[in-house]
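Only this structure's heavy atoms are used, side chains among them; waters, hydrogens and symmetry mates stay out.
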Amino acid sequence: MLVMPLSIAEHFKKLSHLLALEAKAEQEEALKALERNASGGVETSGNLITTLVIRDEEVGLGGRTLLTLAKRNQNLSLPWTRFRSGTPILLSEEDHSNGKKLYQNWRGVVTRMQSDQIQIALPDWPDEGNEFPLYRLERAGDEISRQRMQKGMDIAESARNSRLADLRDILLNICPACFHTTAYFEAFNPDLNKSQKEAIRFALSAEDLAILHGPPGTGKTTTLVELIRQLVHRDQRILAVAPSNMGVDNLLSQLLLSGEKALRMGHPARMMPGNRSVSLDEQVEHHPDMKMVQQLNREARQLQDQAARYTRAKPEPGMRNELRQEARSMLAEARKLEKQIMHRILDQAQIICATTTGLDPFMMEGQHFDWCIMDEASQGIEPVTWIPLQYTDRLVLAGDPYQLPPTVISQTAAKEGLSVSLMERLMLQLEKHVSRKLTVQYRMHQEIMNFSSQEFYENQLQADKTVENHLLSDLPGIETNDFTEAALHFIDTAGASYDEESDPNGESKYNVEEANLVLRKVQELLDAGVNPADLAIITPYSAQVRLLREKCADVMIEIDSVDGFQGREKEAIIVSLVRSNTENEIGFLEDIRRMNVALTRARRKLIVIGDSATITIHPFYQRMVTYFESIGAYHSVWEEQ
């Protein structure tokens, strides 16, 4: 019997252990939220909505049950929540007879949010324990994703004499990656620069693995689209994935604009509306063979409606459950037919786009690809990367390990390596042998770019001529003055008593005086003629996001966290650093990769507001302030009086 080398077994054992630590941390966080709710903080965390009733039921794409829920008191709006379209949820029935017991949970996904109601998608109709049930919704950890990560690692670890075994050994640095000589290729996009063309040529020469390093604004998506088009031209089959739905949709949108045909897998609620027409669900829904499925769904809905009508007169014992059971049987038959249609559609697709965890093993059965192109590869934990590898012959990782790292809740797991993506690990271990860097950026004024280029990219970034000197004052309708003719503006609040505060749960920080200063700079930009749609505020702290949104309720500008702005850009960006204390604690600001994201979202104007006395305890921020001083961008808050 062949014995697995210890290095391989130990590697996956460690990843499984870290994944378990992360799952435990998620559970503990959920329990803490429940404890806060039990002690009087119900619904304040944004992770829970209680006392809900079902206002509407319907059958959605894929036979899913769509439930619209609202407060029992119809005069009440929903509280502030962290729920968004695509958020995984747990639906539970509340038993108010004893105030404690909860019936079983049903897992689902948020499909639509409004001020007074929320729509969710469930695999089945929930079985109620009470005649007139009340429900609660909780944000849920994605257990299915965790199971798929573990399964992907198990399959990779046990692989023998296969392409997956070869890739695994290369990714674990047991065997070297191989490359062949690739001749000149004719680009479909005539505007590619030299570094983009070299990156594509390098990827095309890969027998196993290639890494495309795309710093901010360097056209990584443009490069990947060209690479995929070159592969399609060579009659290759491509699986294009990313850890996030936004990452997948951004790549898919550009592929569609270039004229390529692609199929999007995943829950429609988690997709950009413009991409749903090429989703698997939508393609299945319009397939000619769906008439029988639709008939079964209609009959099931009729039975459900019949069961729902028994609300005033008492039905015969068990009648409602019998009707619901018959409806579920019809839905099961409908889904069986649907899955057969799905497999036929998948077999015909040359490009399939999905999140890494959205690759349903049942649907992917029998599917194989010449290439897996993974965008945002530096933002996913390593276990997630092993899911698509079982379906492909070659792997291209694209991203930037100096921007947002993977999100990890467990501090122990993060310290032991779960926060290091596969892409980052390979770049550290294999250096430049398997990677190419894009070096021309098309977003930022060169003064906005230079500090990040020095700190993270060996000073190799170059601003394209179209952006290197562009300013707000160059835009039509914007006043020309000292403020709009400067690309960078740092306002130091040191010594002004702009003290930070903690939110009621102690989970985040906010700074009222700094928020007020942000508003004054917003008004200054608007008065100069800046379009509100071209302006955004970024801050690392969710409490500051909430505070600023409250204060800017009458101004239609975007306000979000650093994470929410990954991959985005605006003509003008204001960054609120928040931290100001005598203990020189900077918290989240210690993650300088997140600050790299914040500092590289602006095209023509970047305003940073912070307390130098607090933040410069960290060498990175000391260098940042020094850089701002060196180009005349440093200003004291006293100048704002």
Any L167 side-chain heavy atom under 4.5 Å of L209 side chain: no
Using a 4.5 Å cut-off on heavy atoms from C-beta on, say whether the side chain of Q150 contacts that of S16. yes
Under a 3.5 Å cutoff, is there a donor and acceptor pairing between the side chains of S244 and Q379? no
If you apply the rule side chain to side chain contact (heavy atoms under 4.5 Å, CB included), what do you find for D360 with M364, and how did you get there? CA-CA 6 Å; D360 185 333; M364 294 297 291; 5.5 Å; no
Going by heavy atoms in the side chains, are E382 and H11 under 4.5 Å from each other? yes
Is there a side-chain contact between N193 and Y442 (heavy atoms, below 4.5 Å)? yes
Full working for side chain to side chain donor-acceptor pair (under 3.5 Å) between D281 and H267: CA-CA 8 Å; D281 282 46; H267 200 300; over 6 Å; no
Determine, stepwise, if the pair F185 / H233 fulfils ring-ring contact (aromatic ring centres under 6.0 Å, His included). CA-CA 11 Å; F185 69 92; H233 184 67; over 10 Å; no
Do the side chains of K437 and P215 get nearer than 4.5 Å, heavy atoms only? yes
Minimal heavy-atom distance between I352 and F369, with the atoms involved, is CD1-CZ, 3.7 Å
Has S279 got a side-chain atom pairing as donor or acceptor with P268's backbone, closer than 3.5 angstrom? no
What distance do E365 atom CD and Q367 atom CD have between them, rounded to the nearest 0.5 Å? 9.5 Å
Give, for atom NZ of K13 and atom CD of E10, the distance between the pair rounded to the nearest 0.5 Å. 5.0 Å
Is a donor from one side chain sitting under 3.5 angstrom from an acceptor on the other, for N596 and S452? yes
Of all heavy-atom pairs linking Q283 and V278, the shortest is NE2-CA, 3.9 Å
I'd like to know if E282 pairs up with R276 as an ion pair, taking the criterion as any Lys NZ or Arg NE/NH1/NH2 lying under 4.0 Å from an Asp or Glu carboxylate oxygen. no
Using modelled atom types and a 3.5 Å cut-off, is there a donor and acceptor pairing between side-chain atoms of T600 and backbone atoms of V597? yes
Does any non-hydrogen side-chain atom of P401 lie less than 4.5 Å from one of H213? yes
Which atoms form the tightest heavy-atom contact between V241 and P388, and what is the distance? CG2-CG, 4.4 Å
Would D563 and S561 count as a side chain to side chain donor-acceptor pair (under 3.5 Å) if you check the C-alpha gap in whole Å, the side-chain angles of each, and the deciding distance to 0.1 Å? CA-CA 5 Å; D563 292 39; S561 65; 5.0 Å; no
Any salt bridge between D166 and R163, counting N to O under 4.0 Å? yes
Using atom types as modelled, flag every donor-acceptor pair under 3.5 Å from a side chain in residues 413-422 to any protein atom, sequence neighbours excluded.
{"from": "S419", "atom 1": "OG", "to": "A414", "atom 2": "O", "distance (Å)": "3.2"}
{"from": "S421", "atom 1": "OG", "to": "E424", "atom 2": "N", "distance (Å)": "3.1"}

State whether a side-chain donor-acceptor pair under 3.5 Å links R344 with Q340. no
Residue pair W371 / Q236: nearest heavy atoms and the distance that separates them: NE1-OE1, 3.1 Å
Closest heavy-atom pair, S258 versus R229, reported as atoms and distance to 0.1 Å, is O-NH2, 3.4 Å
Atom CG of D370 and atom OG1 of T392: how far apart are they, to the nearest 0.5 Å? 7.5 Å
Between R168 and A159, is there a donor-acceptor pair closer than 3.5 Å when you use the side chain of the first and the backbone of the second? yes
Donor-acceptor under 3.5 Å (Y391 side chain, L239 main chain): no
Do R601 and F565 meet the cation-pi criteria used here (NZ or CZ under 6.0 Å from the six-membered ring centre, within 45° of the axis)? no
Rounded at 0.5 Å granularity, tell me how far CG in L212 sits from CD in Q196. 10.5 Å
For F362, is the NZ or CZ atom of K339 found under 6.0 angstrom from the centre of its six-membered ring and inside 45 degrees of the ring axis? yes
If only side-chain N and O atoms count, and only distance matters, is there a donor-acceptor pair under 3.5 Å linking N245 with R264? yes
How far apart are the closest heavy atoms of L204 and R234, and which atoms are they? CD1-NH2, 3.9 Å
Hey, are the side chains of L171 and T385 touching, using non-hydrogen atoms and a 4.5 Å cut-off? no
